[in-house]
Amino acid sequence: MAVEPKKHAMPVQDPKERARNFSEVALGYSPSVAVAEASRCLNCKNRPCVQGCPVNISIPEFISKVKESDFEGAYRIISQSSSLPAVCGRVCPQETQCESKCTLGIKFEPVAIGRLERFVADYHNANFKGEPELPEQNGKKVAVVGSGPSGLTCAGDLAKKGYKVTVFEALHLAGGVLVYGIPEFRLPKNIVEKEVEALKKYGVEVQTNVVIGKTLTVDELFEQGYQAVFIGSGAGLPRFMGIAGESLKGVYSANEFLTRANLMKAYSPQSRTPIMHAKRVAVVGGGNVAMDAARTALRLGAEAVRIIYRRSMDELPARKEEVEHAEEEGVIFDLLRNPVEILGYSNPEDRRDPLNGFVTGIKVIKCELGAPDEKGRRRPVEVAGSEYIVDTDCVIIAIGTAPNPLIKNTTAGLEVGKHGGIVVEESTGKTSKEGVYAGGDAVTGAATVILAMGAGKTAAKAIDEYLSDKVCKKGK
Amino acid sequence: MYKIISKRRLNPTVTMMDIEAPLVAKKAQAGQFIILRVDDDGERMPLTVAGCDRAAGTVKIIFQIVGGTTIRLNAKNEGECISDFVGPLGCPTKTDGIKKVCIVGGGVGCAIALPVAQRFKELGATVHSIIGFRNKDLLILEEEFAACSDSLTVMTDDGSYGRQGVVTAPLKEQIERGENFDEIITIGPLIMMKFVVATAKPYGVPVTVSMNPIMIDGTGMCGGCRLTVDGKTKFACVDGPDFNGYEVDFDEAMSRSSMYAQFEQREREESCKLFSREAK
């Protein structure tokens with residue numbers, strides 16, 4: 001039987017329409033399309049896709065179940081490795097992970113693993129009515145700091161092994177970057193809520209409004225009887241460029257802009273949190289966060305939204321599908337441009353002019369690609385004298401974050417690197433402090449959801465070994 | 001949910017509440033702040049801690065009824081709850097090595113200045129307090145300040161109570177007559193703090209200012225509370241809220257604080273309408 005050369009397309013909302021609403025862009029496979037797509041899998045012997053997955057989901061096995069229309073069976077296989085399948089199916093960069101390794105991908109398009117994962121998780125969430133089988137409790141307590149992807153994964157894995165896990169969240173809502181960062185149209189918040197609810201069914205307790213490093217310290221968690229602590233406190237302070245005009249009104253960090261729109265739902269008339277509804281928006285940066293900010297700005301009613309990125313399309317670090325969706329929705333890509341200065345309005349005649357101090361434009365300089373840097377990416381070189389001004393009412397800076405300082409400042413014996421990330425042993429997530437493990441952006445600086453999940457998983461395994469070992473030693 | 005244990009009106013526009021939040025009460029120190037949300041659609045509002053009762057597990061907040069959120073908060077009564085209350089955030093006010101201090105508070109900023117004054121008194125420092133209000137009706141916490149200050153000067157803009165004039169006048173007099181303050185700590189409107197710094201400058205007295213910029217998470221994530229301090233970008237939520245007054249760019253901070261002026265105006269009007277309807 002000849003193999004279908006292309007992935008089955010996933011229906012999406014019309015670009016013109018969706019650029020003006022916050023509903024999810026991609027609509028997901030139907031059961032029949034999922035079965036047809038699953039049938040493209042060659043079920044090859046060496047299973048390269050599994051190696052491409054940071055949490056090593058048994059991909060061919062779950063796809064086989066889909067092929068047999070046993071969607072619950074497929075879910076059970078995925079959930080052995082992943083605590084957040086509905087999230088990963090939507091936000092993982094599959095094209096550089098599992099799908100990049102797919103044998104079918106050598107000649108044709110790879111199997112749409114991400115779309116299948118999403119289908120299976122959504123099917124389960126919509127149809128499964130039973131209660132999960134609860135593991136026997138082992139009486140040991142673990143504290144997890146932060147309820148983002150690394151924390152939820154670590155909590156889920158440990159709870160499934162019988163640990164009593166408490167997750168401490170600084171904000172008023174659980175989910176971390178999944179609720180404050182990634183927009184509704186890419187990852188609906190009710191999906192995150194369902195994944196958190198699923199963990200609670202396993203006995204995970206979530207305490208919101210507790211800032212570890214302030215409300216409680218890591219040492220106090222041990223005093224309270226927690227035997228191990230996982231730190232997944234995520235990204236911290238946004239980076240700025242250090243150019244003139246960054247403090248003008250209308251300049252946001254992507255974190256602030258997205259937090260207002262997502263966590264605080266500033267797009268909704270019911271929300272009490274304000275956000276700027278600018279007509280012209282410039283987003284600086286080329287990652288997923290930049291795409292999210294640009295597409296959110298469109299949905300808030302902007303007429304012209306541009307991405308300003310200093311390299312070319314080939315180097316753009318965002319997930320491919322997000323770039324395509326952004327282009328379809330009309331986001332303009334000003335590539336090979338670097339911001340030099342942000343310009344603001346100032347009325348020398350009237351100090352009380354309400355427009356004073358608001359952004360009016362951004363001055364950029366053209367770049368060319370030079371020799372590759374140490375990471376092998378071609379370095380942008382500014383073209384002298386090529387500056388020009390782009391008119392804009394709002395500038396959103398999405399050039400990354402530095403790790404959060406709150407925990408390192410209040411935890412003696414916790415070693416951090418020169419960029420502020422917590423230093424860990426990569427194979428275990430173990431930090432320099434006894435019983436303390438860490439993972440996700442708190443360690444690596446800004447990275448992806450799935451890498452954070454991988455780190456949470458690694459740490460859960462190491463914590464389990466550490467605490468099992470400790471009991472054995474005590475027993476002797 | 002966090003219960004309102006007591007509520008007291010300090011003046012027609014300023015309310016004091018004790019909120020049940022044992023974890024925060026256990027840790028909070030003078031100069032730190034909390035973030036609250038009144039209800040589920042509410043914004044996250046930072047408020048500096050005005051005191052706490054560690055035994056009772058309550059935290060004192062004092063707020064001016066200025067906009068949508070504070071109107072909603074003020075509508076809550078004793079025994080009712082608010083959705084969220086998190087803290088203590090930010091760094092406590094530094095007290096090391098300060099033997100003689102001048103506390104300069106303006107308006108509702110006095111609510112935050114009070115625990116700082118009390119803390120210095122506890123530590124055995126000499127405390128001079130200067131508190132200023134627009135008029136007599138807006139005066140708050142006079143007795144409390146008197147109890148923890150070696151000298152207290154009350155100023156009103158219109159002379160309806162205490163001395164007439166701005167807080168910088170008695171500050172200048174005290175410095176000139178040789179009160180050798182180790183530190184001046186000022187909390188109040190940005191424009192007042194700017195002038196306190198300008199007043200102290202010729203005499204080289206160190207000034208600490210307490211900044212209260214627009215903020216969302218309050219934990220060093222969003223970057224909305226950034227200020228330019230000594231030419232560098234600083235974040236009030238994790239680096240502050242106290243800063244060296246000589247290094248803060250006040251003009252920029254004042255400009256940034258008006259970012260949502262229009263929205264706030266609309267919110268205020270809507271909230272007023274809402275509550276007047278409910279009252280009928």
Side-chain angles (χ1 to χ4, degrees), chain A residues 169-173 176-177 180-181 207-211 213-217 220 233-240 242 246-260 263-266 268 270-277 344 354 356-358 397 401-406 409, chain B residues 2 21 23-24 26-27 32 35-45 67-69 72 83-91 214-228 232-233 235 237-239 249 251-264 266-267 271:
Chain A
E169 168 56 47
L171 293 172
H172 55 266
L173 193 65
V177 72
Y180 77 71
Q207 284 191 23
T208 52
N209 292 331
V210 180
V211 185
K214 286 288 176 189
T215 318
L216 292 169
T217 63
E220 283 170 322
S233 53
L237 300 165
R239 290 187 202 281
F240 289 88
E246 281 181 310
S247 293
L248 288 165
K249 287 177 278 187
V251 181
Y252 285 102
S253 75
N255 274 8
E256 182 185 356
F257 186 75
L258 290 172
T259 301
R260 284 178 185 276
L263 178 72
M264 307 310 296
K265 300 194 168 50
S268 147
Q270 269 80 46
S271 175
R272 302 293 157 200
T273 301
I275 195 164
M276 198 174 177
H277 295 255
N356 277 339
F358 274 95
I397 300 173
T401 56
N404 195 303
L406 289 185
N409 289 351
Chain B
Y2 300 80
L23 289 178
V24 185
K26 205 173 152 194
K27 284 284 172 64
Q32 291 189 295
I35 285 187
L36 62 79
R37 282 200 324 151
V38 178
D39 40 43
D40 275 349
D41 294 322
E43 64 171 336
R44 292 173 65 89
M45 179 174 74
T69 298
R72 285 180 164 73
S83 293
D84 300 284
F85 193 90
V86 59
L89 302 167
C91 305
I214 291 170
M215 208 174 262
I216 309 177
D217 66 299
T219 63
M221 186 274 283
C222 84
C225 66
R226 66 189 184 278
L227 303 159
T228 303
K232 297 184 207 58
T233 297
F235 301 94
C237 68
V238 290
D239 299 321
D249 184 337
D251 293 336
E252 179 189 285
M254 280 187 261
S255 172
R256 283 182 62 79
S257 71
S258 67
M259 169 108 186
Y260 296 108
Q262 277 190 324
F263 179 92
E264 285 158 8
R266 208 168 49 238
E267 267 280 291
S271 301

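Just so we're clear, the structure is a prediction, and the values are computed from it rather than from any experiment. The sequence lines fix the lettering, A, B, ..., with proteins before strands; numbering per chain opens at 1.
Residues K214(A) and G90(B) approach most closely at NZ-O, 2.9 Å, considering heavy atoms.
Taking the salt bridge (Lys or Arg N to Asp or Glu O under 4.0 Å) definition, one finds that D239(B) meets it with nothing, sequence neighbours left out. Among residues two or more places apart in sequence or in another chain, the side-chain contact (heavy atoms from CB on, under 4.5 Å) test is passed with I214(B) by R260(A), M259(B), Y260(B).
Contacts of E169(A) with chain B are absent, with no heavy-atom separation under 4.5 Å from either backbone or side chain. Using a 4.5 Å cut-off between heavy atoms, K265(A) does not touch chain B at all. Within the 4.5 angstrom heavy-atom criterion, only side-chain atoms of R37(B), from C-beta onward, approach chain A. Interface residue I275(A): only backbone heavy atoms are found under 4.5 Å from chain B. Of the atoms belonging to L216(A), heavy atoms from both backbone and side chain fall under 4.5 Å from chain B. If you measure heavy-atom distances from L237(A) to chain B, the contacts under 4.5 Å come from both the backbone and the side chain. With a 4.5 Å cut-off on non-hydrogen atoms, A235(A) touches chain B through its backbone but not through its side chain.
If you run side-chain contact (heavy atoms from CB on, under 4.5 Å) between V211(A) and each of V24(B), I35(B), L89(B), only L89(B) comes through.
Of the possible donor and acceptor atoms, none in the side chain of R272(A) sits under 3.5 Å from a partner among the backbone N and O of T69(B).
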